[in-house]
Amino acid sequence: MMKILFLDQSGKPGGAELCLLDIAKPYRDNCLVGLFADGAFKQLLEQQQIPVQVLTDRAIKVSKESSLMQGLSSFRQITPLISKVIKISRDYDLIYANTQKALVVGAIASFFTNRPLVYHLHDILSLEHFSKINRQIAVTLANRFASLVIANSQATKIAFIEAGGKPEITKVVYNGFTPKAYDIDESKIYYIRQNLGVDRQFVIGHFSRLSPWKGQHILIEALTHCPENVTAILVGDALFGEGDYVQQLHKQVANLGLEKRVKFLGFQGNIVPLMKACDLITHTSISPEPFGRVIVEAMLCRKPVIAAQAGGAIELVEHQKTGWLVTPGNSLELAEIINHCRQHPELCETIAQQGQIVASQRFDLTTINQQISQLLIGVISCGNEKKRLGKEFLTADE
C-alpha cells in the first residue's frame with residue numbers, strides 16, 4: 001500500500017475537502033492529512049479515523065486575488081511550515097496537494113525530497129476568480145513539479161490548459177459519492193418540513209456557502225415571480241470574509257417582503273435530510289462552477305435539480321432529462337422553470353428518478369477511487385523507474 005501525504009489549506013469542510021475526505025479513506029492506515037488551519041474539517045477526518053495533523057497555527061493570508069508582493073510576504077511567513085512539510089514528506093511515497101496553497105508548499109517539498117507530486121485541481125483557473133500572478137504561479141508549479149494534475153471536470157481541465165497547463169499531465173476524475181448515504185427514512189421528511197414550518201409549501205433548497213458568485217440573490221429575486229406558497233431554504237454560511245454578502249441577502253429579503261418565504265439555516269453538517277425535505281433543488285452560480293457537488297447530491301437524493309448552464313454543471317445535467325439548465329444570473333428564466341416544476345409534479349418525479357439512476361452510475365465512489373488509485377500507482381511506478389535509471393546512470397558514470 002502506497003504511503004500518501006495529503007495537504008490541504010483549509011480547516012473548513014468545503015467541496016474540495018469533502019472530496020479529499022473520500023479519497024483518503026482507503027489509505028487511512030498509510031496516510032497523513034496535513035492541514036494548514038484547524039477547524040471542523042479536522043474533526044470530520046478524525047471521525048473517519050483518518051490520521052490528521054494541523055501543521056501550522058499561522059494563517060496564510062494570501063488569497064486568490066492577491067498581488068505578487070502579498071504573495072511574497074506570505075511566503076516568508078510560511079517558511080516554518082515548508083520546513084515541517086519537507087521533513088514529514090520523507091516518510092511518504094507521494095505528496096498529494098488538494099488546494100492551491102497546498103500546491104505551493106507541496107511543490108517545494110517535492111523538490112527537496114524527490115517525492116512525486118500530485119495536484120488535485122478543484123478550481124477553474126480564470127481571471128474572474130484568480131489574480132494573474134496567482135494563476136501563473138499555480139500553472140508554473142504544476143507544470144514544473146507535478147507528475148499528475150487531477151481535474152474535477154472537463155471545464156476545469158480546459159481552463160488549466162488554456163492558462164498554460166500541460167495537457168499531457170492532466171486527467172479528469174469526477175468527484176465520487178456513496179449512493180447509499182443518500183437514503184433516509186422517508187417518514188422523517190414530514191417532521192422535518194413541519195419543524196421548518198414549510199409543511200404546506202413548495203420548498204426550494206439552495207445548498208452552498210453564501211458567496212456572491214454562488215448566486216443566492218438570484219434565487220431570492222426569482223421568488224418574486226413565483227406564487228406565495230413557494231419558499232426557499234438557504235443552507236450554508238459565509239467563508240473567506242464574505243460576511244457582507246450575507247447582510248446584503250438579508251436586506252434583499254426584507255426589501256422584497258420575503259421574510260416569511262426565505263429561511264437562512266446556516267451551515268449544516270448533514271444536508272441529506274434537508275435535501276430530502278425539498279421539492280426542488282437549485283444551483284445558481286453566476287460564474288462557471290468547477291464541478292457542482294450539490295448538483296450530484298440532489299440527484300442522488302432523487303430530487304429535481306435546476307443548475308446554472310456553465311462550467312462543470314453542463315457535464316452533470318442533461319437538460320430536461322436528468323434536470324434543467326438555465327442561463328446563469330437570469331432570475332426570470334429560473335422562476336419560469338420553478339413554476340413549471342411546481343405545476344408538473346409527475347414530470348419532476350420522472351426526471352428526478354432518471355437523475356438518480358445516472359448519478360449513481362457515473363459518480364459511484366468505489367469506481368472513482370479505483371480510477372484515482374490507478375493514476376497514483378502509475379505516478380509512483382514512474383517515479384521509481386526514474387530513480388532506478390538515475391542510479392544506473394551514476395553507477396555507469398563511476
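Quantities reported herein were computed from a predicted structural model and do not represent experimental measurements.
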Cation over ring face, Lys3 and Tyr92, 6.0 Å, 45°: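 Verdict for Tyr92: a cation-pi partner in Lys3.
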
Could you check whether [X] pairs with [Y] (Lys NZ or Arg NE/NH1/NH2 to Asp/Glu carboxylate O, under 4.0 Å)?
X      : Y      : result
Lys188 : Asp183 : no
Lys12  : Glu17  : no
Lys214 : Glu289 : yes
Glu242 : Arg209 : yes

If we only count heavy atoms from C-beta on, is the [X] to [Y] side-chain gap below 4.5 Å?
X      : Y      : result
Glu297 : Cys301 : no
Leu347 : Pro304 : no
Val262 : Leu219 : no
Cys226 : Arg261 : yes
Lys84  : Thr56  : no
Val139 : Phe160 : yes

Report yes or no: do [X] and [Y] belong to one cluster of Ile/Leu/Val/Met/Phe/Trp/Tyr joined by side chain heavy-atom distances under 4.5 Å?
X      : Y      : result
Phe177 : Leu316 : yes
Ile204 : Leu274 : no
Ile192 : Val272 : yes
Tyr245 : Phe264 : yes
Leu45  : Tyr96  : yes

Ignoring hydrogens and angles, tell me if any N or O in the side chain of [X] forms a donor-acceptor pair with the backbone of [Y] under 3.5 Å.
X      : Y      : answer
Asn143 : Lys166 : yes
Arg193 : Val198 : yes
Thr156 : Asn152 : no
Gln100 : Asn134 : yes
Arg28  : Gln48  : yes
Asp123 : Leu125 : no
Gln268 : Gly236 : no
Thr224 : Glu221 : yes
Arg115 : Arg90  : yes
Asp237 : Ser208 : no

Is it true that [Y] and [X] share a donor-acceptor pair across their side chains at a distance under 3.5 Å?
X      : Y      : answer
Gln353 : Glu349 : yes
His206 : Thr284 : yes
Asn98  : His122 : yes
Ser287 : Glu128 : yes
Asp8   : Ser10  : no
Thr231 : Gln201 : yes

- prompt: Should the ring pair Phe291 and Tyr174 be called parallel, tilted or perpendicular, given that the plane angle runs from 0 to 90° and is split at 30 and 60?
  reply: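 The arrangement is tilted - the two ring planes meet at 30° to 60°.
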
- request: Go through the steps for Gln216 and Leu210 under the test side chain to side chain contact (heavy atoms under 4.5 Å, CB included), then give the verdict.
  value: CA-CA 7 Å; Gln216 283 87 356; Leu210 302 184; 3.4 Å; yes

So how far is it from [X] [atom1] to [Y] [atom2], rounded to the nearest 0.5 Å?
X      : Y      : atom1 : atom2 : result
Lys180 : Leu365 : NZ    : CG    : 13.0 Å
Gln374 : Leu376 : CD    : CG    : 9.5 Å
Tyr27  : Phe6   : OH    : CZ    : 6.5 Å
Ile357 : Arg362 : CD1   : CZ    : 14.0 Å
Leu5   : Asn30  : CG    : CG    : 13.0 Å
Ile338 : Leu223 : CD1   : CG    : 6.5 Å

For [X] versus [Y], what's the shortest heavy-atom pair and its separation?
X      : Y      : value
Ile286 : Pro212 : CD1-O, 3.6 Å
Ser110 : Pro116 : OG-C, 4.4 Å
Gly34  : Leu55  : CA-CD1, 3.7 Å

Do other residues, nucleotides or ligands put more than 12 heavy atoms under 6.0 Å from the [atom1] atom of [X]?
X      : atom1 : answer
Glu168 : CD    : yes
Glu259 : CD    : yes
Lys171 : NZ    : no
Gln371 : CD    : yes

